[in-house]
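Lettering of chains follows the sequences in order, A, B, ..., and the numbering in each one begins at 1.
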Amino acid sequence: MSQVRLRFSPAPTGFLHIGSVRTALYNWLYARHVGGTFILRIEDTDVARSTQESVDQIQQVLRWLGLDWDEGPYLQSARFDEYLAAARHMVEEGRAYECYCTEAEVRERNEQAMREGRPPGYDGRCRDLTPDDRAARAAEGRAPSIRFRTPDDGRSSFTDAIRGEVAVEWSTISDFVIVRSNGTPVFFLANAVDDLDMEITHVLRGEDLIDSTHRVLALRRALGHDDQPVYAHMPLIVGPGGAKLSKRHGAVSVEEYRDAGYLPAALLNYLALLGWGPDDGREILSSEELVTEFELDRVNTSPATFDPKKLEWMNGEYIRAMPLPELVSAVLPFARDRYRERLDIPRFEAAVRLAQVRSTTLVQIADQMAFLFTSDDEMEIDPASWEKASKVENAADIVDAVMAFVENCEWTDEIDPRPAIEAVGAKPGKVMHILYTAIEGRSLGLPLFDSISLLGRESTLERLRAARARL
RNA sequence: GCCCCGUUCGUCUAGCGGCCCAGGACGCCAGGUUCUCAUCCUGGUAACACGGGUUCAAAUCCCGUACGGGGUGCCA
């Protein structure tokens, strides 16, 4: 059996979309599942829109996610000669031809056709130009593009590993450009040539490319190859309502999730479940488990809606399952960024432990401990929390009693002021919000007893005094 | 317009002719545990787009309709 080879081939024209990452993931999963080769290929044939920043970013994101590739990155921009040679070969064999229509003319004709209710598409007027015709047009200053001559009749079909047979009449596909008039190759050509040269055996990509497959396959045949790789088109990831996933629905770039405190493993796990699932219904799967479980024929056929809520839940599951030291180092960059030199490591580690079970993102963990790294006089009290908490009966008595208690108690890992509260005749459960608010700034947050202990006697008293003064 | 692909709870999905008056997960709602919040536990809510076939039997197969998405580019 021949070696399985897959490629992830993004266009470097911006940040890596969440849908592209899912494509990369499935390619990687399949490659690892069957012990094949995973190749990174940058499809930067559109020189005007491709950027080096984007090329760098793609690699950075894949590394962060742990999607390691075995070959590449290959840049198509470095292989233009190959594509142009293939195009010339096709022209010589009459499989393609020079077209002297300008981009503007073609566009104008298509718009005209639409207005008149005719189907758009190149009309083939340059198909059979004589050498004299060509010379005349070139003399007008027209630079030719190269168009592939598609069959006039018959059908094109291929077997999709996910969908089965996909067929279309050739009459509905007009001659398409494979080399631009500026001399640069177009996606279809580069794609066909590279898949051949790189001996790609499986092409796993988004459903939006399903129609282009017929063209790429025709190009392969024109290049003398009747064999075809296994194609599998996966459903797209869409936003709420089935619309295209966009900024309006939350983050669409991986960097945004990374910066919001999502774990790569959780993101991968969630994305893997968008369009595929193991037969036993498990939801939480490590990358290793995903690799062993992944099967191409279990990939779904219908689009999946991206659900930020479920991603968040899953991230929380990963955070809770993490060994503390690992979590501490994961949160550290976020905490450093927020608290700078104020950050105290032992205190930080203790706070992470307390926050672990009550957070769904690393950012949430870092944020919850803010009161520990804020000076007493800079403490901000959440107005809504204060409003509610300060309304309790005997608020002043309670705070006074707790201050007296804190002042004299033995200092342990958990300072429990409930006896003091009960002593003034109040029910701890009902009135403790005022203590949370005074000490942590909000009525909800890290457990109070631990928080008081971490904060220390002096700061705790200072904050209680400030609260007492506000009553 | 034409072509292609798709359609199971709000969402992700299981189901590949009988085990399904449809199972799991997220969300939501209710209750329990708890120093707040959260975790955790228990229970509840809610779906086979529609219409025809085929078959003893259909969520599962076929056809049509509707709806959604994609393509129709000198973008990928």
**Student:** Figure out the CG/P separation between A:Leu217 and B:C4, and round it to whole Å.
**Tutor:** 17 Å

**Student:** Sort out for me which residue in A:Val166, A:Val230, A:Val216 forms a side chain to side chain contact (heavy atoms under 4.5 Å, CB included) with A:Phe158.
**Tutor:** A:Val166

**Student:** Could you measure between the two P atoms, the one in B:C29 and the one in B:C37, and give it in whole Å?
**Tutor:** 15 Å

**Student:** Indicate whether the side chain of A:Ser302 and that of A:Asn300 have a donor and an acceptor atom separated by less than 3.5 Å.
**Tutor:** no

**Student:** What does the list of N/O pairs under 3.5 Å between the protein and nucleotides 9-11 of chain B look like, with a distance for each?
**Tutor:**
| from | atom 1 | to | atom 2 | distance (Å) |
| --- | --- | --- | --- | --- |
| B:U11 | O3' | A:Thr305 | OG1 | 3.3 |

**Student:** Regarding A:Gln112 and A:Glu116, is there a side-chain donor-to-acceptor distance under 3.5 Å anywhere?
**Tutor:** yes

**Student:** Using the benzene-type ring in the case of Trp, are the ring centres of A:Phe294 and A:Trp276 under 6.0 Å apart?
**Tutor:** yes

**Student:** Could you walk me through whether A:Met234 and A:Arg205 pass side-chain contact (heavy atoms from CB on, under 4.5 Å), step by step?
**Tutor:** CA-CA 6 Å; A:Met234 14 188 240; A:Arg205 30 140 65 155; 5.9 Å; no

**Student:** Measure from the side chain of A:Arg418, starting at C-beta and using heavy atoms only, and say which of B:C35, B:A25, B:C74 lies closest.
**Tutor:** B:C35

**Student:** Looking at the side chain of A:Leu236, which of B:C3, B:G70, B:C35 is the nearest nucleotide?
**Tutor:** B:G70

**Student:** Between B:G71 and B:U11, how many Å separate the two C1' atoms, rounded to a whole number?
**Tutor:** 27 Å

**Student:** A:Arg147 side chain: which of B:A38, B:C35, B:C74 is closest?
**Tutor:** B:C74

**Student:** Take atom P in B:A59 and the same atom in B:C48, then report the distance between them in whole Å.
**Tutor:** 11 Å

**Student:** Using the benzene-type ring in the case of Trp, are the ring centres of A:Tyr122 and A:Phe176 under 6.0 Å apart?
**Tutor:** no

**Student:** B:G15, OP1 or OP2 - any side-chain N/O from A:Arg298 closer than 4.0 Å?
**Tutor:** yes

**Student:** Assert yes or no for the condition that the ring centre distance of A:Phe306 to A:Tyr270 is strictly below 6.0 Å.
**Tutor:** yes

**Student:** How far does the P atom of B:G15 sit from the matching atom of B:G23, given to the nearest Å?
**Tutor:** 15 Å

**Student:** From C-beta outward on A:Ser181, which listed nucleotide comes closest to its side chain: B:C74, B:C4, B:G6?
**Tutor:** B:C74

**Student:** Separation of A:Leu84 atom CG from B:C74 atom P, in whole Å?
**Tutor:** 17 Å

**Student:** From the set B:A25, B:A76, B:C4, return the single nucleotide nearest to any side-chain atom of A:Asp211.
**Tutor:** B:C4

**Student:** Write down the distance separating the P atoms in B:C16 and B:C62, rounded off to the nearest Å.
**Tutor:** 16 Å

**Student:** Distance check needed: B:G24 P versus A:Ile284 CD1, whole Å only.
**Tutor:** 17 Å

**Student:** Which one, B:U36, B:C74, B:U39, comes nearest to the side chain of A:Ser145?
**Tutor:** B:C74

**Student:** So, under a plain 3.5 Å distance rule, would you say the side chain of A:Glu207 forms a donor-acceptor pair with the base of B:G6?
**Tutor:** no

**Student:** Below 4.0 angstrom from OP1 or OP2 of B:G6, is there any side-chain N or O of A:Asn300?
**Tutor:** no

**Student:** Paired with B:C2 by Watson-Crick or G-U wobble geometry, both distances under 3.5 Å: which nucleotide is it?
**Tutor:** B:G71

**Student:** Can you tell me the Watson-Crick or wobble partner of B:C56, both distances under 3.5 angstrom?
**Tutor:** B:G18

**Student:** Establish, with yes or no, whether the OP1 or OP2 oxygen of B:G71 is under 4.0 angstrom from a side-chain nitrogen or oxygen of A:Ser212.
**Tutor:** no

**Student:** Give a yes/no verdict on base stacking between B:C75 and A:Phe187: centres under 5.5 Å, planes within less than 30° of parallel.
**Tutor:** no

**Student:** Between B:C26, B:G6, B:C40, which nucleotide gets closest to the side-chain atoms of A:Arg320?
**Tutor:** B:C40

**Student:** Between the side chains of A:Arg79 and A:Gln76, is a donor N or O closer than 3.5 angstrom to an acceptor N or O?
**Tutor:** no

**Student:** Would the base of B:C2 count as contacting A:Thr172 through its side chain, where contact means a donor and an acceptor less than 3.5 Å apart?
**Tutor:** no

**Student:** Is B:A76 paired to anything, Watson-Crick or G-U wobble with both distances less than 3.5 Å, and if yes, which nucleotide?
**Tutor:** none

**Student:** Does A:Arg109 reach the side chain of A:Arg125, with side-chain heavy atoms less than 4.5 Å apart?
**Tutor:** yes

**Student:** Examine the base of B:C37 for any acceptor or donor lying under 3.5 Å from a partner atom in the side chain of A:Arg358, and report the outcome as yes or no.
**Tutor:** yes

**Student:** Suppose you measure atom P in B:A58 against the same atom in B:G52; what distance do you get, rounded to whole Å?
**Tutor:** 13 Å

**Student:** Measuring to OP1 and OP2 of B:A76, would you say a side-chain N or O of A:Thr45 lies under 4.0 angstrom away?
**Tutor:** yes

**Student:** With both distances under 3.5 Å as the test, what is the Watson-Crick or G-U wobble partner of B:U42?
**Tutor:** B:A30

**Student:** Select from A:Ala167 and A:Val106 the residue whose nearest nucleotide in RNA chain B is closer to the 5' end of that strand.
**Tutor:** A:Ala167

**Student:** Starting from P on B:C37, measure out to CG on A:Leu354 and report it in whole angstrom.
**Tutor:** 16 Å

**Student:** Distance between the P atoms of B:G1 and B:U65, in whole angstroms?
**Tutor:** 14 Å

**Student:** Does A:Asn110 place a side-chain N or O at less than 4.0 Å from the phosphate oxygens OP1/OP2 of B:U72?
**Tutor:** no

**Student:** If pairing requires Watson-Crick or G-U wobble contacts with both distances under 3.5 Å, which nucleotide is the partner of B:A66?
**Tutor:** B:U7

**Student:** With the side chain of A:Glu283 defined as its heavy atoms from C-beta on, choose the nearest nucleotide among B:A25, B:U13, B:U36.
**Tutor:** B:A25

**Student:** Distance check needed: B:G24 C1' versus A:Trp313 CH2, whole Å only.
**Tutor:** 11 Å

**Student:** Between A:Thr13 and A:Ile210, name the one whose nearest nucleotide on RNA chain B is closer to the 5' end.
**Tutor:** A:Ile210

**Student:** Do we see a donor-acceptor contact under 3.5 Å between the side chains of A:Thr360 and A:Asn315?
**Tutor:** no

**Student:** Looking only at side-chain N and O atoms, does A:Asp175 offer a donor or acceptor that is under 3.5 Å from a partner on A:Thr150?
**Tutor:** yes

**Student:** Identify which nucleotide among B:G6, B:C35, B:C12 has an atom closest to any side-chain atom of A:Asp450, counting heavy atoms from C-beta outward.
**Tutor:** B:C35

**Student:** In whole angstroms, how far is the C1' atom of B:A76 from the CZ atom of A:Arg41?
**Tutor:** 12 Å

**Student:** Between A:Arg180 and B:C75, is there a contact of a side-chain N or O with OP1 or OP2 at under 4.0 Å?
**Tutor:** yes

**Student:** Report yes if a side-chain nitrogen or oxygen of A:Arg215 is closer than 4.0 Å to either non-bridging phosphate oxygen (OP1 or OP2) of B:C4; otherwise report no.
**Tutor:** no

